[in-house]
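In what follows, chains carry the letters A, B, and so on, assigned in the order in which the sequence lines appear, proteins first and then strands, with residues in each chain numbered from 1.
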Number of protein chains: 2
Amino acid sequence: MVNRKEIIDILKLRGYKLTRQRRAILDTITRSHSHLAPADVYEKVNKRYPGIGLVTIYRTLELLTRLGFICEAHSGNSCRSYMMRRSSGHHHHLLCSICYRVVDFTDCDLRQMEERLTRQTDFEIDSHLVEFVGRCHDCRRKN
Amino acid sequence: MVNRKEIIDILKLRGYKLTRQRRAILDTITRSHSHLAPADVYEKVNKRYPGIGLVTIYRTLELLTRLGFICEAHSGNSCRSYMMRRSSGHHHHLLCSICYRVVDFTDCDLRQMEERLTRQTDFEIDSHLVEFVGRCHDCRRKN
DNA sequence: AACGTAAATGAAAACGATTTTCATTTACGT
DNA sequence: ACGTAAATGAAAATCGTTTTCATTTACGTT
């Protein structure tokens, strides 16, 4: 996983300014282990660093996604929620539907499936989307 | 796959009225082999059956989803696009990113993956989302 | 075949999420 | 400390979706 320090270095390197707002958003997303919709990020950020606009949240999320530091989830929360990219390479997510916690996993057997599908359908497969949704240990115990 | 006739019978049976609009929308979705965002459905429907409102499209898509006749795609087109449910049981989609064609596949090895993840993370897994995105034979040839 | 009724529709308004615009502020190299 | 281009915030615009409500329609009953 890329840590906050490294991200800041890369931002500098690429000529992006290190603003109070970007620090705050990075800090918040790094700290959280959930997948967060833009509005969630806004709320969380403003608790610790008041006065940061929603527009800036959107712009920063867009930037961090473009640079590959965060990635999207499709199931659960909202159809467009973000979380830190913890594993740098090819990986997928396991989402808790109660606390929005995210667990990454990298070892997927989909290559075989992909090859089989390519053979059977003559598609040239470019990408795949895999997410598991469940309830984590802690949330199950609380219910 | 459930055909148009069967769907109409089930609608009647459950007390839903068979309106011009519902017929038109069913006809259009059944005919198409792509995944369609609500706006796409609206456009297609109105080519053949003019004068059907977008609101009705939304309501009918909601109904057909609730009854399980159509299902959603998350990748590609829009984060919320619909297509006929062709296989009735557990299945997944392979989407063409150019013509929006959809191919269903049922045999996935995810049970094993699910079990492994359950063991490793102590999540109780409720569902999974799997989609492959690629370019189909025809679209590749055209480029 | 006409009637009555509840359900379905359409138009407009409301709504929520996201994007654009533009004037002001800020980070950072000089 | 200064200058400049980039970043921000507030407001407006835009887009997709939902709600409201008056009108229309499908369909069971006479």
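Of the charged side-chain nitrogens involved, at least one lies within less than 4.0 Å of a carboxylate oxygen, so that A/D138 and A/R101 count as a salt-bridged pair.
Around atom CD of A/E62, more than 12 heavy atoms belonging to other residues, nucleotides or ligands sit under 6.0 Å away. The number of heavy-atom neighbours closer than 6.0 Å to CD of B/Q120, taken from other residues, nucleotides and ligands shown, is above 12.
Residue A/L54 contributes atom CG, which lies 16 Å from atom P of D/dA12 at whole-angstrom precision. The distance from atom OH of B/Y42 to atom P of D/dC15 is 15 Å, rounded to the nearest whole Å. Residue B/L61 contributes atom CG, which lies 12 Å from atom P of C/dT9 at whole-angstrom precision. For the pair B/I57 CD1 and C/dA11 P, the interatomic distance rounds to 12 Å; values are reported in whole Å.
For the pair B/L110/A/L110, a side-chain contact is recorded, criterion being any heavy-atom separation below 4.5 Å from C-beta on.
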Summary of protein contacts for nucleotides 22-30 of chain C, nucleotide by nucleotide, where a base hit scores B, a sugar-phosphate-only hit scores S (4.0 Å, heavy atoms): -----BS--
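Closest non-hydrogen pair, B/R135 versus B/C96, comes out as CA-SG, 4.0 Å.
A/G51 comes within contact range of the sugar-phosphate backbone alone, with a heavy-atom separation under 4.0 Å but no base atom that close.
The side chain of A/T56 contributes no N or O atom lying less than 4.0 Å from OP1 or OP2 of D/dT8.
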